[in-house]
Each structure stands twice: as C-alpha cells, then as structure tokens.
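From a predicted model like this one, the values you see are computed outputs, not experimental measurements.
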Amino acid sequence: MLSSIRTFFNTHLSRPGERAPEAAEQAVRRAAAALLLEMTHMEEAPETIERDTVMALVRECFGMTYSQAEALLGCADAERKAATDYFQFTSLINEHYGPEDKVRLVAALWQVAYADARLGRHEEYLVRKLSELLHVPQDVFIHAKLEAEQAAAAGGG
C-alpha cells in the first residue's frame with residue numbers, strides 16, 4: 001500500500017525534472033499540445049480545421065495513433081484551461097527541448113495559425129510571445145512564418 005502511494009506521488013506530484021523519463025516526456029508533450037490548442041482559441045469562432053491541424057501535428061510529431069493523440073489533447077486542453085499563464089508550459093519545454101525542437105514547435109504554431117488560410121492579429125501575437133518565451137531567434141521566427149504563409153497560400157494549409 002505504501003509503495004503504491006509513493007509511486008503515485010513520484011509520478012504525479014513531483015517536479016518534471018524529478019519524474020521518470022516517460023512521465024517527463026508525457027508532461028512535455030502535454031505542454032506542447034496545450035500551446036498548439038491555445039492557438040485554436042485565438043479567434044472568436046475557432047474553426048474545425050485548426051483543431052484538425054493540431055490533431056495531425058500531434059500524431060505526426062509524437063508518432064501517436066488517433067486515440068492516443070485524442071487522449072493527450074484532452075489532458076492538454078484541461079491543463080490549458082486551468083493555466084493562468086504560458087510559463088508553466090514554456091519553462092517545461094525550455095527544460096527538455098533543444099533549439100531544433102523549439103523551432104519545430106514554433107513552425108507548428110504557425111501551421112495552426114494559418115490552417116484557415118488567414119492570420120489574425122491575436123494568432124500572430126501568440127506565436128510572437130511564445131517564440132520569445134522559448135528563446136527562438138527573431139530570424140527563425142520570421143522564416144517559419146513565411147514558410148507557413150506560403151504553404152497556406154499554395155493550399156497546403
């Protein structure tokens with residue numbers, strides 16, 4: 001009994017750096033997914049294509065089945081709704097992601113922003129803010145934006 005309680009506390013209540021590697025990896029995945037989901041809420045009327053884009057990105061980036069991605073997004077959305085700021089997500093990502101992974105995340109954020117083939121000012125603000133919190137250089141931020149914009153213009157959403 002004591003062993004199962006200790007396991008629960010170590011798995012669910014310890015800081016991300018103290019967790020088992022699998023639990024830390026899941027926490028970082030939820031953090032990235034929460035930021036992608038936040039992008040879908042930047043417009044007054046979120047569109048289904050944005051949510052579908054997040055689902056596709058999560059499945060592709062993390063190599064998940066549809067049901068696995070759906071479960072991850074459900075947990076990430078609950079964490080996103082409970083969050084008071086982005087720091088809990090970006091600090092975890094900064095701790096576990098290298099520069100290339102952060103650039104891929106920013107590119108994914110741009111893909112979600114342009115999923116409906118237009119960019120709202122709140123969407124651009126969010127990507128800019130998250131890029132700064134993730135310490136992604138300005139030139140890389142702009143390059144990822146231009147690539148997503150070109151893909152959206154070409155119909156690649």
Chemist: Please give me the minimum heavy-atom distance between T40 and E50, naming the atom from each residue.
Modeler: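 Smallest interatomic distance, heavy atoms only, reads O-OE1, 3.7 Å.
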
Chemist: Check the side chains of E123 and Y114 for a donor-acceptor pair under 3.5 angstrom, ignoring hydrogens and angles.
Modeler: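 Note: Y114 and E123 side chains miss the donor-acceptor criterion.
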
Chemist: Can you see which heavy atom on L126 is nearest to which on E38, and at what distance?
Modeler: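 Result for this residue pair: CD2-CG, 3.8 Å.
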
Chemist: Verify side-chain contact (heavy atoms from CB on, under 4.5 Å) between E149 and L119, making sure each step is shown before the conclusion.
Modeler: CA-CA 9 Å; E149 186 176 27; L119 179 65; over 6 Å; no

Chemist: Under a single-linkage definition using a 4.5 Å side-chain heavy-atom cutoff for Ile, Leu, Val, Met, Phe, Trp and Tyr, are F87 and Y97 assigned to the same hydrophobic cluster?
Modeler: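 In one cluster: no.
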
Chemist: So, are E132 and R128 salt-bridged, with charged N and O less than 4.0 Å apart?
Modeler: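 Answer for the salt bridge query: no.
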
Chemist: Measuring from atom OG of S131 to atom CH2 of W110, what distance do you get when rounded to the nearest 0.5 angstrom?
Modeler: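 Between atom OG of S131 and atom CH2 of W110 there are 7.0 Å.
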
Chemist: List the steps and the verdict of salt bridge (charged side-chain N to carboxylate O under 4.0 Å, His left out) for E25 and R29.
Modeler: CA-CA 6 Å; E25 183 178 334; R29 286 179 175 186; 2.7 Å; yes

Chemist: Verify side-chain contact (heavy atoms from CB on, under 4.5 Å) between V140 and V106, making sure each step is shown before the conclusion.
Modeler: CA-CA 9 Å; V140 175; V106 169; over 6 Å; no

Chemist: Taking all non-hydrogen atoms of both residues into account, name the closest pair between G63 and Q68 and its distance.
Modeler: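 Between these two residues, the closest heavy atoms are O-OE1, 4.4 Å.
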
Chemist: L146, V103: one ILVMFWY side-chain cluster at the under-4.5 Å cut-off?
Modeler: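 Yes, same cluster.
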
Chemist: If you measure from NE2 on H135 to CG on N94, what distance do you get to the nearest 0.5 Å?
Modeler: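 Between atom NE2 of H135 and atom CG of N94 there are 4.0 Å.
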
Chemist: Can you hop from L36 to I49 via hydrophobic side chains spaced under 4.5 Å?
Modeler: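 They do not share one cluster, since no chain of ILVMFWY contacts under 4.5 Å joins L36 to I49.
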
Chemist: When rounded to the nearest 0.5 angstrom, what is the spacing between CG in D77 and CZ in R51?
Modeler: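 One finds 6.0 Å between CG of D77 and CZ of R51.
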
Chemist: Working to the nearest 0.5 Å, report the span between CG of L35 and OG1 of T90.
Modeler: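 With rounding to 0.5 Å, CG (L35) is 7.0 Å from OG1 (T90).
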
Chemist: Report the C-alpha distance between H41 and R80 in whole Å, list the side-chain angles of each, state the deciding distance to 0.1 Å, and finish with yes or no for side-chain contact (heavy atoms from CB on, under 4.5 Å).
Modeler: CA-CA 11 Å; H41 293 274; R80 180 195 66 79; 3.2 Å; yes

Chemist: Is the shortest heavy-atom distance from the side chain of Y66 to the side chain of M55 under 4.5 Å?
Modeler: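 In contact.
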
Chemist: Kindly indicate whether the side chain of L92, heavy atoms from C-beta on, has any atom under 4.5 Å from the side chain of H96.
Modeler: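 L92 vs H96: side chains touch.
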
Chemist: Give me the atom names and distance for the closest heavy-atom approach of K102 to L134.
Modeler: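 Heavy-atom minimum between the residues: CD-O, 3.1 Å.
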
Chemist: For F141 and V136, work out which heavy atoms get closest and say how close.
Modeler: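 F141 and V136 have their closest heavy atoms at N-CG1, 4.2 Å.
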
Chemist: Just how far is it from atom CD1 of I93 to atom CG of L133, taken to the nearest 0.5 Å?
Modeler: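 Going from the CD1 atom of I93 to the CG atom of L133 covers 10.0 Å.
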
Chemist: Is it true that L105 and I142 fall in one hydrophobic cluster, defined by side-chain heavy atoms closer than 4.5 Å?
Modeler: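 Yes, one cluster joins them.
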
Chemist: Nearest 0.5 Å, what's the CD-SG distance between E70 and C75?
Modeler: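 Between E70 CD and C75 SG, I get 11.5 Å after rounding to 0.5 Å.
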
Chemist: List the atom of A117, the atom of A152, and the distance in Å for their closest heavy-atom pair.
Modeler: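 Closest heavy-atom pair between A117 and A152: CA-CB, 4.3 Å.
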
